[in-house]
Amino acid sequence: MVTFGTQCVVRNGMPVSSRLVIDALTQRYIGAEPSAPNKSCEEIADFLRTLDPNQISDHSLLDAIANEHPDWIPGTSEIAVLHSVRDCMTMIFNLVDLDPEITARIEQMTSVVAAELVLQPTLPLEDANSSVLSIADKLLDATIGWSSDQGRAGEKLLTKVDEVVTSLQSQPVDFETLQTELSTFLGKDQSRIQKLEDRLAASESGKLRSQKSRSLAAEMINKSMEGHQLTENITNFLKGPWYESMQLLAINGGLDGDDWIRATKLTETIIWTYQPITSADEEKANAEKQRLYRIVENLTGEIRDLLLAFEHNSANLDTAIEDIEQDHILMVSGQELEYADFEPIESDGEPIGQRTSVSRILLRKVNNLEPGQWFTYDENGKCARIKLVLKLQDVKQMLFTNRNGMKALEKSYDEMAYLMSSSVIKPLNHESVFSSTFRTFYQGLMDEYERKQKLAEEAGKKEAETEAAKEKALKEAAAIARAKEEADDKRKEEEKNERLQQAKAEANLEENQERVAELTEKVSKLAVGAWLKLPAADGSLEECKLAVKIAAADKLIFVSRTGVKIGEYTNEQLTTLLVAGQGEISDTGVEFEDTLAQVVTKLRADREKSYDDLTGSK
């Protein structure tokens with residue numbers, strides 16, 4: 001059997017032994033103490049490495065052992081570990097969404113993972129560079145985007161997965177060498193894919209920016225023109241050089257850039273200057289005219305700053321500005337403009353008013369996505385695995401490829417947010433899933449174990465404190481009782497002495513000397529069993545019996561009818577009490593010798609009598 005406690009890892013700055021991990025697992029999974037084990041953990045691990053994956057149902061390795069070897073009894077440590085493997089593997093395959101062919105191969109690692117953890121329970125808490133969990137992480141990360149339509153590259157990856165799984169089932173396993181070989185293979189494969197992705201991103205980024213900038217510029221200008229009256233001059237300007245300049249602003253500075261925001265506001269201002277003043281209120285009409293004059297005065301300068309389409313062609317720039325200035329002169333002079341119907345700019349984007357509204361929360365999720373993230377994309381009943389390889393923040397566009405680095409999809413941020421909210425596109429978990437799941441699960445068990453241990457310690461400490469407090473209270477109560485008893489005894493003794501002093505004073509009076517002599521003789525003749533009335537604790541006379549008479553020590557001890565000690569006196573003290581009237585003799589008692597003589601005399605007399613005399617019968 002393996003002795004736990006030798007393996008140790010650091011958790012929260014403190015060393016954690018295998019024994020402690022097993023204790024945490026046992027607390028979680030083991031109820032009643034099972035039967036004594038008859039198989040070592042090494043034997044269990046050897047069996048798990050060679051276990052046919054088809055014999056494992058729902059990751060339950062204990063069932064597989066019971067089916068194959070009904071007479072085997074694993075120890076509590078092995079039982080707890082295998083339960084944890086079942087739960088962790090179930091969570092992992094609920095988290096990831098792999099192609100069925102990949103799932104079948106990765107699930108074959110269940111028994112291998114279990115075999116390693118049976119021998120090394122601290123493995124999930126270790127930062128091991130090479131282990132069965134780190135190898136499983138690499139396989140899952142490499143195959144998350146695999147599908148059966150990826151041709152020769154996909155077949156090579158599938159073959160490599162089979163080789164790794166087979167190697168893990170052998171014994172002994174050189175994890176470091178196996179992981180190095182796997183990393184080398186995956187590194188070459190990833191390098192090939194990365195080159196394809198980089199080329200695609202380089203060629204598509206310009207195209208995406210150009211397409212999106214045309215769409216955004218058209219949308220912005222069309223929205224500003226909609227519902228307004230415009231002349232042919234300004235319509236041609238907005239749909240021509242201004243539209244081209246807006247595209248360049250979107251490409252150069254993005255939609256969050258100062259120039260784009262400024263151009264959007266300026267477009268609205270330009271169109272406002274062409275609207276007729278229709279207010280019937282003369283004061284309001286004059287105020288609008290004054291505003292128009294102020295805006296027109298500086299408008300052409302602002303237009304020149306943003307008219308990037310004519311940046312290198314001053315002649316065309318001047319012509320475009322002159323047309324606008326001519327219209328403004330007519331307006332300022334009070335002449336009516338000749339308005340003309342116009343068509344909106346054609347756009348590849350979704351028409352205004354038909355676009356799906358997306359909440360900021362959904363857009364925030366899209367903003368947080370990073371290149372390298374994998375997704376599933378369900379379209380027309382077919383599921384594709386796509387990887388985000390390009391994210392253009394300035395024009396809010398995203399580009400996706402398959403695992404072979406081929407273009408699979410392009411979407412705007414808004415479209416991506418909507419598709420994710422409707423679960424058409426779902427993110428996939430694939431980074432360090434095995435090691436992070438086992439680590440999180442084991443850390444949770446350790447936290448729960450430590451919490452319960454702390455509660456138990458606190459409860460034990462509280463119980464000990466309660467017992468200590470109880471014992472202290474009992475001692476204090478006993479001390480108080482003793483002190484009270486001693487105080488009572490002292491008080492009684494003082495009262496007794498005071499009575500004796502008073503009695504002695506009275507007995508010493510000359511007129512009492514004859515009575516002293518008389519009572520001294522009576523006291524000396526008191527026999528055990530004599531009844532007297534003597535002062536009780538409260539000073540009142542209480543009937544008591546002479547229980548003990550010790551002539552040598554000159555001591556007389558009196559008790560009540562219930563056997564409680566009333567007092568202890570010398571012959572002299574008792575005499576003085578009787579003289580002072582603080583005591584009375586009720587019965588002097590019978591001497592033992594007199595009683596014995598009477599019994600003997602009666603026996604002798606009875607010996608002379610007949611049976612009938614003794615019984616009273618004739």
Side-chain angles (χ1 to χ4, degrees), residues 2-11 15-19 21-22 40-51 53 61 77-78 81-82 84-85 88-89 92 96 98 102 105-146 156-194 372 429-443:
V2 170
T3 301
F4 292 113
T6 55
Q7 299 163 337
C8 208
V9 297
V10 175
R11 175 178 176 271
V16 178
S17 67
S18 297
R19 183 68 267 166
V21 174
I22 288 298
S40 68
C41 59
E42 293 91 346
E43 290 173 303
I44 298 293
D46 289 342
F47 168 76
L48 291 172
R49 288 192 185 92
T50 59
L51 181 62
L61 296 157
S77 302
E78 291 75 47
V81 168
L82 295 182
S84 72
V85 172
C88 287
M89 295 299 285
I92 288 170
V96 300
L98 298 167
I102 296 297
R105 286 165 168 78
I106 300 295
E107 283 189 327
Q108 292 181 26
M109 297 180 64
T110 300
S111 58
V112 179
V113 171
E116 293 304 315
L117 264 65
V118 161
L119 297 175
Q120 194 174 350
T122 60
L123 182 60
L125 302 174
E126 296 178 12
D127 294 324
N129 294 324
S130 302
S131 70
V132 65
L133 295 179
S134 61
I135 290 174
D137 285 339
K138 283 188 172 294
L139 287 179
L140 193 146
D141 188 52
T143 57
I144 193 70
W146 188 92
K156 284 180 64 178
L157 178 60
L158 207 60
T159 300
K160 188 62 179 179
V161 171
D162 289 334
E163 291 176 0
V164 172
V165 173
T166 300
S167 297
L168 287 171
Q169 292 172 333
S170 63
Q171 180 63 17
V173 181
D174 185 344
F175 290 108
E176 186 173 356
T177 300
L178 185 59
Q179 183 158 321
T180 299
E181 292 174 353
L182 177 60
S183 297
T184 301
F185 172 84
L186 295 177
K188 291 179 180 178
D189 194 38
Q190 182 56 38
S191 178
R192 175 186 62 82
I193 296 171
Q194 189 64 51
N429 297 296
H430 58 92
E431 290 188 1
S432 303
V433 174
F434 272 84
S435 57
S436 63
T437 300
F438 272 91
R439 177 183 291 271
T440 302
F441 187 77
Y442 271 51
Q443 284 178 338

Visitor: Do F438 and L117 come within less than 4.5 Å of each other through their side chains, counting heavy atoms only?
Guide: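 Yes, their side chains come closer than 4.5 Å.
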
Visitor: For the residue pair N429 and I144, what are the closest heavy atoms and their distance?
Guide: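 Of all heavy-atom pairs spanning N429 and I144, the closest is O-CD1, 3.8 Å.
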
Visitor: Does the T50 side chain pair with the main chain of F47, one donor and one acceptor, at a distance under 3.5 Å?
Guide: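 Answer holds: yes.
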
Visitor: Does any non-hydrogen side-chain atom of S111 lie less than 4.5 Å from one of L61?
Guide: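 L61 vs S111: side chains touch.
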
Visitor: Is a side-chain donor-acceptor pair under 3.5 Å present for S131 with E116?
Guide: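 Judged by distance alone, the side chains do not pair up.
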
Visitor: Looking only at non-hydrogen atoms, find the nearest pair between Y442 and P121 and report the distance.
Guide: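 Taking every non-hydrogen atom into account, CE2-O, 3.5 Å.
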
Visitor: Could you please spell out the steps behind the salt bridge (charged side-chain N to carboxylate O under 4.0 Å, His left out) verdict for K138 and D141?
Guide: CA-CA 5 Å; K138 283 188 172 294; D141 188 52; over 6 Å; no

Visitor: For S191 and K188, indicate whether the former's side chain and the latter's backbone hold a donor-acceptor pair under 3.5 Å.
Guide: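 Answer holds: no.
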
Visitor: Calculate, to the nearest 0.5 Å, the distance between atoms CG and CG belonging to D189 and L157 respectively.
Guide: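 Going from CG on D189 over to CG on L157, the span is 6.5 Å.
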
Visitor: Would a 4.5 Å heavy-atom cut-off, applied to side chains only, mark V132 and L123 as touching?
Guide: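 V132 reaches L123 side chain to side chain.
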
Visitor: Could you tell me whether the side chain of S40 and the main chain of E43 form a donor-acceptor pair under 3.5 Å?
Guide: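 Yes.
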
Visitor: Which atom names give the shortest non-hydrogen contact between I22 and S77, and what distance separates them?
Guide: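 Heavy atoms of I22 and S77 come nearest at CG2-OG, 3.4 Å.
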
Visitor: Which atom names give the shortest non-hydrogen contact between N129 and S134, and what distance separates them?
Guide: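 Closest approach of N129 to S134: O-OG, 3.5 Å.
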
Visitor: Which distance, rounded to the nearest 0.5 Å, do you find between the CD of Q179 and the CG of D137?
Guide: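 Taking CD in Q179 and CG in D137, the distance rounds to 9.0 Å.
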
Visitor: Could you please spell out the steps behind the side-chain contact (heavy atoms from CB on, under 4.5 Å) verdict for L48 and L82?
Guide: CA-CA 10 Å; L48 291 172; L82 295 182; 3.9 Å; yes

Visitor: Mark yes when over 12 heavy atoms from residues, nucleotides or ligands other than E176 sit less than 6.0 Å from its CD; otherwise mark no.
Guide: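 For E176, atom CD is not crowded (no more than 12 foreign heavy atoms under 6.0 Å).
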
Visitor: Between P124 and L133, which heavy-atom pair has the shortest distance, and what is it?
Guide: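 Taking P124 first and L133 second, the nearest heavy atoms are CA-CD1, 4.1 Å.
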
Visitor: Quick one: does I102's side chain get under 4.5 Å of L158's, heavy atoms only?
Guide: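 When only atoms from C-beta onward are counted, L158 and I102 do touch, with a gap below 4.5 Å.
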
Visitor: Are the side chains of E163 and E181 in contact, using a 4.5 Å heavy-atom criterion?
Guide: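 When only atoms from C-beta onward are counted, E163 and E181 do not touch, as no gap falls below 4.5 Å.
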
Visitor: Any heavy-atom pair between the side chains of L139 and M109 that's under 4.5 Å?
Guide: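 Counting from C-beta outward, M109 and L139 do come under 4.5 Å.
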
Visitor: Ignoring hydrogens, what is the shortest heavy-atom contact between E126 and R439? Give both atom names and the distance.
Guide: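 Nearest pair, atom of E126 first, then R439: O-NH2, 2.8 Å.
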
Visitor: To the nearest 0.5 Å, tell me how far D46 CG sits from L119 CG.
Guide: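 Output value for this atom pair is 8.0 Å.
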
Visitor: Please report the interatomic distance CG(D162) to CZ(R105), rounded to the nearest 0.5 Å.
Guide: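 Nearest 0.5 Å value for the CG-CZ distance: 4.5 Å.
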
Visitor: Roughly how far apart are F185 CZ and T159 OG1, rounded to 0.5 Å?
Guide: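 One gets 8.0 Å once the value is rounded to the nearest 0.5 Å.
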
Visitor: Using side-chain heavy atoms (C-beta onward) and a distance below 4.5 Å, is F434 in contact with I106?
Guide: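 Yes - at least one pair of side-chain heavy atoms lies under 4.5 Å apart.
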
Visitor: Taking the side chain as C-beta and beyond, is there a heavy-atom pair between V96 and H430 under 4.5 Å?
Guide: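 No - every pair of side-chain heavy atoms lies 4.5 Å or more apart.
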
Visitor: To the nearest 0.5 Å, what is the distance between CD (Q120) and SG (C41)?
Guide: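 Atom-to-atom, Q120:CD and C41:SG are 12.0 Å apart.
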
